[in-house]
Every structure is written in C-alpha cells, then in structure tokens.
Asks: 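This is the structure, below, for whatever I ask next.
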Amino acid sequence: MRDEAAVSLLFKAVAMLTLVVLLLPVVIVVLAGLNAGDYLTFPPKGLSLRWVVAFLGSATFMSAYVYSFVLALVATLISTVIGTLASLYLSRSRSGAAAALRGFFMLPVVLPGVVLGLALYIFYVTTDIGLARTFAGLLIGHVLVTCPFVIATVTASMVGFDLSLEEAARSLGASPWTAFRKITLRLIAPGISAGAIFAFIVSFGQFETTLFLTVPNHEPLPMAMYISLRYKFEPTAAAAGIFAIALVALSTVVSSRLVSLRRVFRA
C-alpha cells in the first residue's frame, strides 16, 4: 500500500510539472498580447488592452482569423468523413494489407510538415493541375494533415466493437444503412467527435504545410502572425494568439461536454 501511494504521489507530481511546462508558453503569449509597451517583449511593460483592440480593428488579422476558421471547418468536415470511413475499413478488414494501409494513412503525422508542404507544392507545380497556390490545394494539404487524427480516435473507439449488434439489427429487418446509423454510428460517435475536434485544432494552427500552399493575398492566421513578427514585431500578433488560444480552449470544452452525436442521427 505504501509503494502504491508513493507511486501515485510521484505520478501526480510529474503530471503537475508537465502541465505547468505545457501551459507556460500559453501564459507568456497571453501576457505578451496584453503588453502596454510598443514592442513585443516579456515580461510585459504593464498590462493593457491596447493591442487586443488593435487586433480587433485590423482588417488583415480579422480576415486571416475568419479565413483560418473557415479553412479549418471545411478541412475538419472532409477529414472526419474520410477518416471515419477509413477507420471502419481498417478495423473490420481481415486483409494483410490493412496494417500497411494503416501505416500509410498515419504517414502525415510522422513526416515533418515542411516536407509534406514542399512535396505537395512541387507536385502541384510539376503536374500543372491547377492546385498550386489555390484554396483547393491548401485544403488538400490540411486534410492530409488532419485525417490521421480522426483515423486514430475512431479506430480506438472500434476496438472491442461487437459486430453481433449490427447482425441482430439486420436480423430484425433493419437495412444495412439503418443498422449502421442506429447502432455503429451511435457507439463510435464519441471517437468521431474527438477526432473532429483534434482535426479542427490542428488545421487552425497549421503553419508548416500552409507556408508552401497559402493563397496569395489570403493568408491564414498563422501566416499573418508570422509576417507581422517578421516585419513589425508588434504585440498585435500575440493578441491574435490570445484569440486563437481562446478558440482552441472553447473547442476543447465543447468537445468534453459533447456526449455523442446521437441527437444528430436520432430517428
């Protein structure tokens, strides 16, 4: 009992230290965005909403924020559908190629974002298919990056899934789509919602892939922050980071409160 208590106490201490290390950059960004000085410095020279107001009044940053939100939302919808279908196949397939396909689908997570973005840009340019520096080309890059997160969460929710539940529904007269919608989809809904929220967060803050695929005069928020820090070094970029952090935190809270997607598919 003493050993278990000691291990538990040590685990709690390590977990708390890890949480502090992870949250420290967030605190620094927030304080830098509330800086009363003229330049991006830390510790801040007093606290002020000056740069928050500047962000809200900036056409560049606000348009970039909305653009990133729309891009992340569309990428999330597409990657959720594709990732869920891929997960269903991978979890139910008895083929030896399923393991290879699973590794193939997870490659975007292993590859650095710079490599993926550069590879896509070279592919678009050399093939001349009209996707270079377009919204569609950027969207494809974001879907490739976010899809593995949906596949991972949905596949995890499929572990131990009892196929006899679907078979029982079919034996009672339900069509394949009805059995899937009312049985399978409701049981894996928490995994789908978790994967969707992960996909949205990753897409909204994606920088490396976006760097090579961004559309001229339509920069997402990470690119707008990068350009601002490169040429002006004003706290406006940090203020933009506050709103990005707030959106991610809100998304996390909503996902934690979301029990399932049953209401959407309720008959």
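The chain is numbered in sequence order, starting from 1.
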Asks: Can you sort out the partners of V74 under side chain to side chain contact (heavy atoms under 4.5 Å, CB included), two or more places apart, ordered by chain and number?
Replies: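 Scan of V74 (side chain to side chain contact (heavy atoms under 4.5 Å, CB included), adjacent residues dropped) gives V70, I78, L139.
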Asks: Which residues satisfy the side chain to side chain contact (heavy atoms under 4.5 Å, CB included) test with V125, sequence neighbours excluded?
Replies: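 In terms of side chain to side chain contact (heavy atoms under 4.5 Å, CB included), with neighbours along the sequence ignored, V125 is linked to Y121, A132.
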Asks: Looking at P108 and L116, what are the two nearest heavy atoms and their distance?
Replies: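 In this case the closest contact between P108 and L116 is CB-CD2, 4.3 Å.
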Asks: Could you tell me whether F198 atom CZ has more than 12 heavy atoms of other residues or ligands within 6.0 Å of it?
Replies: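 No, because the 6.0 Å sphere around CZ of F198 holds 12 heavy atoms or fewer from other groups.
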Asks: Quick one: CG on L85 to SG on C147, what's the gap to the nearest 0.5 Å?
Replies: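 The SG atom of C147 is 9.5 Å from CG of L85, to the nearest 0.5 Å.
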Asks: What side-chain hydrogen bond (donor to acceptor under 3.5 Å, both in side chains) pairs are there with at least one residue in residues 123-133, not counting sequence neighbours?
Replies: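 Every pair satisfying side-chain hydrogen bond (donor to acceptor under 3.5 Å, both in side chains) with a residue in residues 123-133: there are none.
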Asks: Please round to the nearest 0.5 Å and tell me the distance separating atom CG of L247 and atom OG of S68.
Replies: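 Interatomic distance, L247 CG to S68 OG, rounded to 0.5 Å: 9.5 Å.
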Asks: Show me the side-chain donor-acceptor pairs of residues 148-155 shorter than 3.5 Å, one per line, residues at least two apart or across chains.
Replies:
| unit_1 | atom_1 | unit_2 | atom_2 | d |
| --- | --- | --- | --- | --- |
| T153 | OG1 | F149 | O | 3.1 |
| T153 | OG1 | V150 | O | 3.1 |
| T153 | OG1 | G191 | O | 3.1 |
| T153 | OG1 | G195 | N | 3.3 |
| T155 | OG1 | S87 | OG | 3.4 |
| T155 | OG1 | I151 | O | 2.5 |

Asks: Can you hop from V52 to V27 via hydrophobic side chains spaced under 4.5 Å?
Replies: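 Yes, because V52 and V27 connect within a single hydrophobic cluster, where side-chain heavy atoms sit under 4.5 Å apart.
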Asks: With a cutoff of under 4.5 Å between side-chain heavy atoms, which Ile, Leu, Val, Met, Phe, Trp and Tyr residues group with W51?
Replies: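 Taking Ile, Leu, Val, Met, Phe, Trp and Tyr as members, W51 stands alone, with no cluster partners.
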Asks: Just to verify, what does Y65 make a ring-ring contact (aromatic ring centres under 6.0 Å, His included) with, not counting sequence neighbours?
Replies: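 Result, ring-ring contact (aromatic ring centres under 6.0 Å, His included) vs Y65: F204.
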Asks: Test S79 against every option in V202, T146, T84 by the side chain to side chain contact (heavy atoms under 4.5 Å, CB included) rule and name the one that passes.
Replies: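 Only one option passes, and that is T146.
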Asks: A136: what forms a side chain to side chain contact (heavy atoms under 4.5 Å, CB included) with it, not counting sequence neighbours?
Replies: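 Partners of A136 under the side chain to side chain contact (heavy atoms under 4.5 Å, CB included) test: L131, T134.
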Asks: If the condition is ring-ring contact (aromatic ring centres under 6.0 Å, His included), which residues does F69 pass it with, not counting sequence neighbours?
Replies: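 Only F200 meet the ring-ring contact (aromatic ring centres under 6.0 Å, His included) criterion with F69.
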Asks: Are M16 and V21 connected in the hydrophobic side-chain network, where two residues link if heavy atoms are under 4.5 Å apart?
Replies: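 M16 does not cluster with V21.
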Asks: Do L144 and F123 share a hydrophobic cluster (ILVMFWY, side-chain heavy atoms under 4.5 Å, transitive)?
Replies: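 Hydrophobic grouping puts L144 with F123.
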Asks: Any chance you could measure L24, atom CG, to I28, atom CD1, to the nearest 0.5 Å?
Replies: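 With rounding to 0.5 Å, CG (L24) is 4.0 Å from CD1 (I28).
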Asks: Using the side chain to side chain contact (heavy atoms under 4.5 Å, CB included) criterion, which residues pair with L77? Sequence neighbours excluded.
Replies: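 Side chain to side chain contact (heavy atoms under 4.5 Å, CB included) list for L77, sorted by chain: empty.
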Asks: Using the side-chain hydrogen bond (donor to acceptor under 3.5 Å, both in side chains) rule, collect all pairs that involve residues 25-35, keeping only residues at least two apart or in two chains.
Replies: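 Counting only pairs at least two positions apart or across chains, the side-chain hydrogen bond (donor to acceptor under 3.5 Å, both in side chains) contacts touching residues 25-35 are N35-T41.
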Asks: Got a second to check how far T236's OG1 is from L56's CG, nearest 0.5 Å?
Replies: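 Those atoms lie 10.5 Å apart.
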Asks: Test of understanding: clusters of I, L, V, M, F, W, Y form through side-chain heavy atoms closer than 4.5 Å, transitively. Do L111 and F105 belong to the same one?
Replies: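 Looking at the clustering, F105 is in a separate group from L111.
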Asks: Test of understanding: with salt bridge (charged side-chain N to carboxylate O under 4.0 Å, His left out), list the residues that count as partners of R50, not counting sequence neighbours.
Replies: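 Scan of R50 (salt bridge (charged side-chain N to carboxylate O under 4.0 Å, His left out), adjacent residues dropped) gives D38.
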Asks: CG of L250 to CZ of F243: how many Å apart, nearest 0.5 Å?
Replies: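 If we round to the nearest 0.5 Å, L250:CG and F243:CZ are 13.0 Å apart.
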Asks: Looking only at heavy atoms, which two atoms of V30 and I242 are closest? And how far apart?
Replies: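 Smallest interatomic distance, heavy atoms only, reads O-CD1, 3.6 Å.
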Asks: Please report the closest heavy-atom contact between F61 and S228, naming both atoms and the distance.
Replies: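 Between these two residues, the closest heavy atoms are CZ-CB, 3.6 Å.
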Asks: List the atom pairs, with distances to 0.1 Å, where a side-chain N or O of residues 207-226 and a protein N or O form a donor-acceptor pair under 3.5 Å, not counting sequence neighbours.
Replies:
| unit_1 | atom_1 | unit_2 | atom_2 | d |
| --- | --- | --- | --- | --- |
| T209 | OG1 | Q206 | OE1 | 3.3 |
| T210 | OG1 | H142 | NE2 | 3.0 |
| T210 | OG1 | Q206 | O | 3.0 |
| H218 | ND1 | P216 | O | 3.2 |

Asks: Say whether, by atom type as modelled, one donor and one acceptor occur between the side chain of S63 and the main chain of T60 under 3.5 angstrom.
Replies: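 Flag set: sc S63 to bb T60 pair under 3.5 Å.
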Asks: Quick check: is I227 connected to L71 through a chain of hydrophobic side chains (ILVMFWY, heavy atoms under 4.5 Å apart)?
Replies: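 Yes, one cluster joins them.
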